[in-house]
Amino acid sequence: MADTTGNTTDHEASQHPSQRKASWKYIGPGIVVAATGVGAGDLVATLIAGSNFGYTLLWAAIIGCLVKISLAEAAGRWHLSTGRTLFDGWASLGRWTTWFFAVYLVVWGFVYGAAAMSSSALPLQALFPDVMDLKWWGIACGLVGLVFVWFNKYAVFEKVMTVLVGVMFLVTVYLAIRVTPNIADAFAGLLPVLPDEKDSILNTLGLIGGVGGTITLAAYGYWVNAKGWTDTGWMKVMRLDNRVAYATTGIFVIAMLFVGAELLHSANIAIASGDKGLIQLGDILEKEYGTATAKFFLIGFFATSFTSLIGVWHGVSLMFADFVARLSGKGQAKGEEVASGERERSSPFRAYLLWLTFPPMILLFEGQPFRLIIIYGVLGAAFLPFLAGTLIWLLNSSRTPREWRNGPLSNAMLAVAGLLFLVLCVKQVWDQPWGEFF
């Protein structure tokens with residue numbers, strides 16, 4: 001993404017660390033945010049878009065990646081330009097942000113933990129059907145994620161995520177090539193055209209807003225600090241890293257839309273929403289291309305789900321640790337503390353890891369409680385408008401050094417993101433069965 005913060009004078013530039021040259025050798029947090037943000041649900045949503053509309057909404061998937069670039073860049077720019085963490089910035093806006101974040105983390109973490117374990121378990125059960133039941137695979141995935149994040153610091157975590165992203169990349173690109181996409185139709189899909197069907201605008205907005213991350217966008221700044229980037233000298237590197245993140249996300253999304261358009265749309269095959277839709281896709285691939293292709297796909301499905309699990313286990317636990325440190329009255333929460341690894345060794349970090357792992361196991365056995373799922377859906381829908389709105393507030397105020405505040409392009413992109421997510425939030429709230437809630 002282009003520099004959207006405006007120009008600096010020589011005097012202003014001299015007051016900051018010299019800019020490190022943007023180099024591929026530094027790339028890391030972007031790979032982590034791409035791997036965490038693209039979960040099985042995102043792949044299914046894109047598959048369904050391809051199966052319903054062919055290549056018509058390819059342009060919407062690409063715009064979704066550009067919108068997320070602006071959000072992640074803004075979060076990273078806040079961390080680097082101020083030396084403060086994002087939660088510290090939120091706390092400066094008033095106590096309401098603390099209450100929203102606290103409720104969100106408790107409810108979201110409880111429900112997401114079960115969803116992530118179940119999603120990671122599905123491909124394993126399909127690969128090894130006679131070994132154990134789905135819920136036990138889910139528990140095993142949660143425990144492996146817990147142990148891995150508990151005993152490893154960011155550097156090891158990043159390397160493992162990079163390997164798993166490589167697996168995801170190979171699988172999705174292979175499938176896209178295997179189904180032989182219609183390149184002419186794909187190029188036509190770059191034109192901003194809406195499908196001629198009911199609710200086409202909302203379906204389009206849902207695709208734009210639904211791909212590539214929720215709270216993981218806010219976690220990006222924490223991973224930037226954990227990498228050791230703590231000042232404005234890393235700004236160019238961060239921007240390149242962020243572009244790589246969403247270019248990678250774009251490849252995943254486009255590849256799965258190709259699969260949906262060619263394999264499902266052309267044959268008029270419908271798949272279920274949610275993670276089970278990918279299991280159906282595995283069965284379809286086996287019939288069309290053989291067992292080896294289906295197995296290869298299931299391996300990629302597992303890599304997609306498990307990277308989201310361990311990414312959240314690490315990134316959101318970092319945010320929770322920062323939240324607790326700020327509440328404990330230690331003053332401003334600084335990026336250097338995240339870079340030092342202090343947060344990863346803290347009791348709050350490990351406490352939230354336990355919260356993500358053990359209480360959600362109840363849901364694997366008992367099913368998801370109705371009222372809690374409604375609250376989870378509403379809070380989740382509200383988070384991205386909250387993120388976009390607060391980033392606009394923070395990056396246009398005196399809290400951010402003048403040379404790193406938003407420029408017109410960044411403000412426009414964040415405003416578009418905020419409006420988009422606000423519309424989707426209202427729709428999500430409207431669609432909830434409130435009459436059955438009370």
Starting at NZ of Lys334, measure out to OG1 of Thr82 and round the result to the nearest 0.5 Å. 8.5 Å

Which atom pair, heavy atoms only, marks the closest approach of Ala321 to Pro348? CA-CB, 3.9 Å

Let me see the working for Phe323 and Thr98 under side chain to side chain contact (heavy atoms under 4.5 Å, CB included), right down to the final yes or no. CA-CA 8 Å; Phe323 166 75; Thr98 300; 3.7 Å; yes

How many angstroms lie between atom CZ of Phe110 and atom CG of Leu356, to the nearest 0.5 angstrom? 11.5 Å

Heavy-atom side-chain proximity of Trp108 to Val103 below 4.5 angstrom: no

From Asp283, Leu264, Ile279, residue fulfilling side chain to side chain contact (heavy atoms under 4.5 Å, CB included) relative to Ile271: Leu264

Indicate whether the side chain of Ser410 and that of Arg77 have a donor and an acceptor atom separated by less than 3.5 Å. yes

Aromatic plane relationship, Trp90 with Phe87 - under 30° parallel, 30 to 60° tilted, over 60° perpendicular: perpendicular

Compare all side-chain heavy atoms of Ser51 with those of Ile269 and state whether any distance is below 4.5 angstrom. no

Do Ile215 and Leu105 touch side chain to side chain, with heavy atoms closer than 4.5 Å? yes

Residues Asp231 and Arg20 bridged, charged N to O under 4.0 Å: yes

Quick one: are Phe358 and Leu146 in side-chain contact, heavy atoms under 4.5 Å? yes

State, with a plain yes or no, whether a side-chain heavy atom of Leu424 is found less than 4.5 Å away from one of Pro385. no

Can you find a heavy atom in the side chain of Met238 that is under 4.5 Å from one in the side chain of Tyr220? yes

Among side-chain atoms of Trp313 and Thr357, is any donor-acceptor pair under 3.5 angstrom? yes

Would Leu384 and Leu387 count as a side chain to side chain contact (heavy atoms under 4.5 Å, CB included) here? Give the steps. CA-CA 5 Å; Leu384 284 177; Leu387 177 62; 4.1 Å; yes

Does a sphere of radius 6.0 Å around NZ in Lys236 hold more than 12 heavy atoms from other residues, nucleotides or ligands, not counting ones at 6.0 Å or beyond? no

In short, salt bridge (Lys or Arg N to Asp or Glu O under 4.0 Å) pairs touching residues 155-168 with sequence neighbours left out are Glu158-Lys227

For side chain to side chain contact (heavy atoms under 4.5 Å, CB included), just list the numbers for Val259 and Leu281, CA-CA rounded to whole Å, side-chain angles, deciding distance to a tenth of an Å, and then say yes or no. CA-CA 10 Å; Val259 173; Leu281 178 62; 4.2 Å; yes

Pick one: which of Leu57, Val416, Ile208 meets side chain to side chain contact (heavy atoms under 4.5 Å, CB included) with Ile63? Ile208

Begin with the C-alpha distance, continue with both residues' side-chain angles, and end with the deciding distance and a verdict on ring pair (Phe, Tyr, Trp, His ring centres under 6.0 Å) for His314 and Phe148. CA-CA 10 Å; His314 186 275; Phe148 172 74; 8.7 Å; no

Quick check on Phe169: does its CZ atom have over 12 non-hydrogen neighbours (other residues, nucleotides or ligands) under 6.0 Å away? no

Distance (rounded to the nearest 0.5 Å) between Thr36 OG1 and Ile310 CD1: 7.5 Å

Measure from the side-chain N and O atoms of Asp241 to the backbone N and O of Gly30, and report whether any donor-acceptor pair falls under 3.5 Å. yes

How long is the span from the NZ atom in Lys153 to the OG atom in Ser340, to the nearest 0.5 Å? 10.5 Å

State which residues pass ring-ring contact (aromatic ring centres under 6.0 Å, His included) with Trp136; sequence neighbours excluded, sorted by chain then number. Phe365

For Ser120 against Leu309, the heavy-atom pair lying closest together: OG-CD1, 3.8 Å

Aromatic ring proximity Tyr26/Trp234, centre distance under 6.0 Å: yes

